[in-house]
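Since the structure comes first, as structure tokens, the remarks are kept for the end.
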There are 2 protein chains.
Amino acid sequence: MKIGELSARTGVSIRSLRYYEEQGLLAPTRSDNGYREFSPLAEEQVRTIQLYLGLGLSTDQIAGFLHCVLKNREAFCNEVLPIYREKLAEIDSQIHLLQNIKLNLEDRIRSILDERPEGQLEE
Amino acid sequence: MKIGELSARTGVSIRSLRYYEEQGLLAPTRSDNGYREFSPLAEEQVRTIQLYLGLGLSTDQIAGFLHCVLKNREAFCNEVLPIYREKLAEIDSQIHLLQNIKLNLEDRIRSILDERPEGQLEE
DNA sequence: CTTGACCCTCACACCAATGTCACGGTTTAT
DNA sequence: ATAAACCGTGACATTGGTGTGAGGGTCAAG
């Protein structure tokens, strides 16, 4: 199938599909006229890519194990687990950072409300 | 004081101080030779800017209330509270997003470990 | 007068996936 | 044959605070 059909089937923009190819995540053949020709399997492949992107992985990381997980169960691809753990640690530290900011903001909001219980105006 | 001194006093890079001026957060005068001349108050001002940046506010948002909070208590600057609330909502939604991803990752890690209790290798 | 430590402006790089032009070739249907 | 609907490549924009480098003034001490 051509890129337009793959895009329509998956909901992923043509631009992104071309980008995935550039990043080594898709490897369509080329027709005589230069058009990309995708196998029917590409549809599931694109959904798989989207799934990993949704987990916050980069195309680089996905490229490291995509060929394996397309053929095997994830559990048998040794590259996956360390990447998951790395990502999890990263997410955790982001969450902590955001929670600190959140507490700080809540404190400051509370201070303002305490200090200005009425709807006072200024400036 | 000149920009180098302000940078040394605050720990903020010269590059950033120039950027803050560009964004309307600092307004140094200029000496005859074109050098920026900062008032002693600029030091506290820079610390205040850093504080708000640390809360995740943009220079644009800070510019909206900085002149007020430098003269009054925060509670009397009406622009502050809505921005805090907006930011808080944003932070909250980011935390939720990250927590969803986190749960997802943890599930997937658990699945892998369940499915592969031994240190099996492949590929 | 020279050296070195300042200062200035302008401008590109970064991160990473996606949008969006421009410009041009191909195919399909009328 | 022509228009519409595809497809191709290339390249710039986005986000936003900061790093970095080029190229060039200013000034104080020796």
Side-chain angles (χ1 to χ4, degrees), chain A residues 1-38 42 45-64 66 83 86-87 90-91 93-94 97-98 101, chain B residues 1-38 42 45-64 66 83 86-87 90-91 93-94 97-98 101:
Chain A
M1 88 188 85
K2 287 183 301 222
I3 199 169
E5 187 182 345
L6 183 58
S7 172
R9 281 177 185 275
T10 59
V12 175
S13 75
I14 290 177
R15 175 68 176 88
S16 292
L17 294 176
R18 292 195 184 121
Y19 179 69
Y20 298 162
E21 181 190 17
E22 195 184 356
Q23 298 303 302
L25 301 181
L26 293 175
T29 60
R30 293 296 179 129
S31 305
D32 289 348
N33 54 21
Y35 289 6
R36 290 169 181 82
E37 181 61 35
F38 294 90
Q45 190 163 349
V46 170
R47 294 191 204 288
T48 302
I49 293 169
Q50 290 288 100
L51 182 151
Y52 288 121
L53 285 175
L55 289 175
L57 302 186
S58 68
T59 54
D60 231 37
Q61 292 174 312
I62 298 171
L66 183 63
I83 289 181
E86 189 183 331
K87 192 69 197 177
E90 192 185 318
I91 298 272
S93 91
Q94 287 182 48
L97 186 64
L98 289 175
I101 295 179
Chain B
M1 90 188 82
K2 287 182 299 215
I3 199 168
E5 188 182 344
L6 183 57
S7 171
R9 281 178 185 276
T10 60
V12 175
S13 74
I14 291 178
R15 176 68 177 89
S16 293
L17 294 175
R18 293 196 184 119
Y19 179 69
Y20 299 162
E21 181 191 16
E22 196 184 15
Q23 298 302 302
L25 300 181
L26 294 175
T29 59
R30 295 295 179 128
S31 305
D32 289 347
N33 55 19
Y35 290 7
R36 290 169 180 81
E37 182 60 35
F38 293 90
Q45 191 162 348
V46 170
R47 295 191 203 286
T48 303
I49 293 168
Q50 290 286 99
L51 181 152
Y52 289 122
L53 285 176
L55 288 175
L57 302 187
S58 68
T59 54
D60 230 38
Q61 291 175 313
I62 299 171
L66 183 64
I83 288 180
E86 190 182 329
K87 192 69 197 176
E90 194 185 315
I91 299 272
S93 91
Q94 286 181 49
L97 186 63
L98 290 175
I101 294 179

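Every chain is numbered from 1 and lettered A, B, ... according to where its sequence line falls, protein lines coming before strand lines. Since we're looking at a predicted model, the values are computed, not measured.
- Listed for the A/Gln61 side chain is a donor-acceptor partner under 3.5 Å among the backbone atoms of A/Ser58.
- A distance of 15.0 Å separates NZ in A/Lys2 from CG in A/Leu17, rounded to the nearest 0.5 Å.
- The side chain of B/Tyr19 sits closest to D/dG16 out of D/dG16, D/dC7, C/dC7.
- Rounded to a whole Å, the CG atom of A/Leu17 is 13 Å from the P atom of D/dT9.
- Between B/Arg30 and C/dT9 there is a side-chain N or O to OP1 or OP2 distance below 4.0 Å.
- Distance from the side chain of A/Ile3 is smallest to D/dC7 among D/dT18, C/dC7, D/dC7.
- At D/dT18, one or more side-chain N or O atoms of B/Ser16 fall inside 4.0 Å of OP1 or OP2 (strictly under the cut-off).
- Counting to the nearest Å, the P atom of D/dC7 and the CE atom of A/Met1 are 12 Å from each other.
- Considering CG of A/Leu66 and CG of A/Leu57, their distance stands at 11.0 Å, rounded to 0.5 Å.
- For B/Asn33, taking side-chain heavy atoms from C-beta onward, the closest of the listed nucleotides C/dG25, D/dT26, C/dC8 is D/dT26.
- Look at B/Thr59 and you won't find any side-chain N or O under 4.0 angstrom from OP1 or OP2 of D/dG16.
- Between B/Gln45 atom CD and B/Thr10 atom OG1 the span is 11.5 Å, to the nearest 0.5 Å.
- Between B/Arg36 and C/dC7, a side-chain N or O to OP1/OP2 separation shorter than 4.0 Å is absent.
- Residue A/Lys2 contributes atom NZ, which lies 13 Å from atom C1' of D/dG8 at whole-angstrom precision.
- Taking atom CD of A/Glu5 as the reference point, atom C1' of D/dA5 lies 15 Å away to the nearest angstrom.
- If you measure from atom CD of B/Glu22 to atom P of D/dG17, you get 11 Å, rounded to the nearest angstrom.
- Residue B/Glu21 contributes atom CD, which lies 16 Å from atom C1' of D/dG17 at whole-angstrom precision.
- Comparing C/dA11, D/dC7, C/dT9 by their nearest atom to the side chain of B/Arg15 picks out C/dA11.
- Note: CD1 (B/Ile49) to C1' (D/dG16) measures 15 Å, nearest angstrom.
- Under a 3.5 Å cut-off, the side chain of B/Ser7 and the backbone N or O of B/Ile3 do not form any donor-acceptor pair.
- If you measure from atom CD of A/Gln23 to atom C1' of C/dA16, you get 9 Å, rounded to the nearest angstrom.
- The base of D/dG17 is not paired with the side chain of B/Tyr20 by any donor and acceptor separated by under 3.5 Å.
- In this structure, B/Arg18 reaches the bases: a heavy-atom distance under 4.0 Å links it to at least one base atom across the strands shown.
- The side chain of B/Tyr35 sits closest to C/dC6 out of C/dC6, D/dT18, C/dA17.
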